[in-house]
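Below: one structure, written as structure tokens.
All values below come from the heavy atoms of this structure, side chains included, with hydrogens, waters and symmetry mates left out. Order of the sequence lines sets the chain letters (A, B, ...), proteins ahead of strands, with each chain counted from 1. This structure is a prediction, so every number in the text was calculated from the model and none was measured.
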Number of protein chains: 2
Amino acid sequence: MERDLRQRLLTVAEDLFARRGYTETRVREITSRAGCNLAAVNYHFGGKRNLYLAVIEERWVPRALRIREEFVRNLHRSPSGPEGVVEALFRAFFQSPFTERESWRHRRLLAQELAQPTEALEIMLSRGLRPLLETIRESLQDRLPPGVPERRVRLTVFSLLGQTLYFHLARPMIQNFLGESPPEDELLRHVKDFALRGLKGLTG
Amino acid sequence: MERDLRQRLLTVAEDLFARRGYTETRVREITSRAGCNLAAVNYHFGGKRNLYLAVIEERWVPRALRIREEFVRNLHRSPSGPEGVVEALFRAFFQSPFTERESWRHRRLLAQELAQPTEALEIMLSRGLRPLLETIRESLQDRLPPGVPERRVRLTVFSLLGQTLYFHLARPMIQNFLGESPPEDELLRHVKDFALRGLKGLTG
DNA sequence: AGAGCTACCAAACAATTGTTTGAAACGCAA
DNA sequence: TTGCGTTTCAAACAATTGTTTGGTAGCTCT
């Protein structure tokens with residue numbers, strides 16, 4: 001546990017927001033888990049809503065930016081050609097420097113905002129996801145023969161990211177359809193292959 | 001508007017549940033929009049939660065089953081070979097017999113349950129989506145050379161459905177990344193192509 | 001030591017929200 | 001018409017929940 005109560009509140013709050021969603025999360029539960037008084041949330045953040053936004057700004061966005069950094073780092077070590085981009089992207093997402101629970105919270109918060117957008121989504125997209133998408137697009141365009149229209153690259157990047165997101169978002173569905181929890185790397189390999197073939201549409 | 005108050009409540013409730021989510025929807029708003037008394041929800045359904053489950057059972061599931069029927073119908077008119085399956089699937093989803101708003105509600109309710117699963121998701125999956133997935137799988141396997149392992153087909157079907165779902169779920173993201181609302185059919189064509197290429201992994 | 005500031009707390013507050021209650025209105029058969 | 005079950009209603013209820021209030025402990029600087 002962090003010593004600083006403010007940081008502790010952010011940590012506990014993110015966990016609960018990710019687990020139960022914004023409205024189903026009670027300020028009382030946050031504060032009791034953080035071992036402090038009910039009024040602390042209002043003192044440090046000025047209300048439940050602002051606490052939520054602070055979680056997005058101070059925890060979610062930095063993490064999204066770190067994923068992008070990780071992607072760039074992977075890019076140097078990955079095979080050349082456009083396939084290397086997919087490789088680097090999947091590594092950044094699935095062998096990220098975060099714990100499994102942390103990644104889970106990260107995806108969960110995004111999924112909730114996609115299902116029910118609020119002003120927080122705007123922050124996530126413009127400050128976190130867009131930079132990642134642009135970086136992917138640039139590195140992909142660099143590895144592509146010249147003349148491929150930017151718009152097509154953009155659409156493909158969007159689908160690539162879609163593969164990694166959907167893989168997580170629809171986890172409960174996979175389980176229902178494939179029966180018992182399938183091995184992680186079998187799924188991962190399949191989704192990556194699927195994405196790689198989709199990429200082929202750009203090169204011909 | 002339906003004459004029957006019970007049906008009217010289901011209609012209004014589905015719309016609000018889809019727009020605001022379960023907890024953010026107020027029983028008072030449902031009843032006032034349905035033009036009846038607050039107590040009607042408890043009289044006809046026995047509580048807010050049961051009204052929500054009734055919406056899933058009596059509106060969402062039947063619609064999911066109709067999409068499957070539409071898929072089967074399309075299958076006869078679509079080109080032979082595995083590509084025809086993708087064709088039929090996309091038509092069932094995007095040229096469905098429902099209004100745009102109805103499709104929107106349908107997807108929204110699913111997205112919310114995926115982002116925050118409750119017992120309702122279990123109903124949606126087992127009674128609505130699984131039948132569709134199984135039907136797709138069977139028709140795909142029929143059009144595939146024998147010997148392709150069922151598990152691989154299953155994974156591919158899952159990804160195909162993923163393309164159609166993601167296309168909708170992530171709509172706010174597309175807008176942010178592509179700038180101004182892109183033409184519907186451009187997106188549709190791209191996603192379908194992406195899915196078609198992914199399918200190639202099974203045939204060769 | 002004492003003023004002043006920050007961090008924290010217990011308790012009260014005000015508003016919202018799902019549910020219940022008891023009665024009125026309605027439809028229909030006897 | 002009378003009686004009775006069903007449907008609808010206005011009002012009250014009970015519980016929850018975010019926020020505010022007023023005060024206390026701890027710290028620093030003079």
Side-chain angles (χ1 to χ4, degrees), chain A residues 1-59 109 112-113 115-121 123, chain B residues 1-60 109 112-113 115-120 123:
Chain A
M1 278 261 201
E2 299 91 335
R3 348 211 134 281
D4 189 2
L5 175 57
R6 205 191 113 98
Q7 296 303 315
R8 226 185 317 152
L9 281 172
L10 283 173
T11 302
V12 174
E14 183 183 20
D15 183 54
L16 287 174
F17 284 142
R19 296 225 304 253
R20 316 202 198 298
Y22 177 77
T23 42
E24 281 296 298
T25 296
R26 311 297 164 206
V27 177
R28 279 173 171 79
E29 188 171 1
I30 296 174
T31 52
S32 82
R33 286 195 193 227
C36 70
N37 186 266
L38 174 64
V41 161
N42 283 282
Y43 176 74
H44 282 286
F45 299 94
K48 180 186 177 184
R49 187 73 205 167
N50 286 335
L51 168 57
Y52 178 69
L53 292 175
V55 165
I56 302 298
E57 299 244 25
E58 299 177 34
R59 295 294 169 92
L109 287 175
Q112 283 166 17
E113 282 295 324
Q116 217 155 98
T118 73
E119 51 177 331
L121 181 61
I123 301 176
Chain B
M1 275 266 200
E2 302 90 332
R3 351 207 131 283
D4 189 3
L5 176 56
R6 205 191 112 96
Q7 296 303 316
R8 226 186 318 151
L9 281 171
L10 282 173
T11 302
V12 175
E14 183 182 19
D15 183 54
L16 287 174
F17 284 142
R19 295 222 309 251
R20 314 202 199 298
Y22 177 77
T23 42
E24 280 296 296
T25 296
R26 310 296 165 208
V27 176
R28 280 174 172 79
E29 188 171 1
I30 296 175
T31 53
S32 83
R33 285 193 193 229
C36 69
N37 187 267
L38 174 63
V41 162
N42 283 283
Y43 177 75
H44 283 285
F45 299 93
K48 180 187 178 184
R49 187 72 206 169
N50 286 334
L51 168 58
Y52 178 69
L53 292 176
V55 165
I56 303 297
E57 299 244 27
E58 299 177 35
R59 296 292 170 92
W60 198 96
L109 287 175
Q112 282 166 17
E113 283 293 325
Q116 214 152 99
T118 72
E119 52 177 327
I123 301 175

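- Rounded to whole Å, atom C1' of dT19(C) lies 9 Å from atom CZ of Arg28(B).
- Going from atom CZ of Arg6(A) over to atom C1' of dT6(C) covers 15 Å, rounded to whole Å.
- A sub-4.0 Å separation between OP1 or OP2 of dC8(C) and a side-chain N or O of Tyr43(A) is absent.
- Arg49(A) is listed as a side-chain neighbour of Tyr52(A), based on a closest heavy-atom distance under 4.5 Å.
- In summary, the side chains of Thr23(B) and Arg20(A) do not present any donor paired with an acceptor at a separation below 3.5 Å, with no hydrogens or angles considered.
- At a cut-off of 3.5 Å, with distance as the only test, no side-chain donor of Thr25(A) or Arg19(A) sits close to an acceptor on the other residue.
- Put simply, NE2 on His44(A) is 12 Å from C1' on dC9(C), counting in whole angstrom units.
- Of the candidate nucleotides dC9(C), dC9(D), dG18(D), dC9(C) has the atom lying nearest to any side-chain atom of Asn37(A).
- In this structure, Leu38(A) and Val27(B) both approach DNA chain C, and ranking their closest nucleotides by distance from the 5' end singles out Leu38(A).
- Rounding to whole angstrom units, CZ of residue Phe45(B) and C1' of dG18(C) are separated by 16 Å.
- Within the structure, a side-chain polar atom (N or O) of Arg26(B) is placed less than 4.0 Å from OP1 or OP2 of dT17(C).
- Rounding to whole angstrom units, CG of residue Asn50(A) and P of dT20(D) are separated by 11 Å.
- Among the heavy atoms of the strands, none lies under 4.0 Å from Thr23(B).
- Side-chain contact, Arg59(B) with Gln7(B): a donor N or O sits under 3.5 Å from an acceptor N or O.
- Judged by distance alone, with hydrogens and angles left aside, the side-chain atoms of Lys48(A) form a donor-acceptor pair with the main-chain N or O of Tyr22(A) at under 3.5 Å.
- dT16(D) atom P lies 13 Å from atom CD of Glu24(A), rounded to whole Å.
- Atom CD1 of Ile30(B) is separated from atom C1' of dT17(C) by 12 Å (rounded to the nearest Å).
- In this structure, Ala39(B) reaches the bases: a heavy-atom distance under 4.0 Å links it to at least one base atom across the strands shown.
- Atom C1' of nucleotide dG22(D) and atom CG of Asn42(A) are separated by 15 Å, given to the nearest angstrom.
- Residue Thr31(A) is out of contact with every strand shown, counting any heavy-atom pair closer than 4.0 Å.
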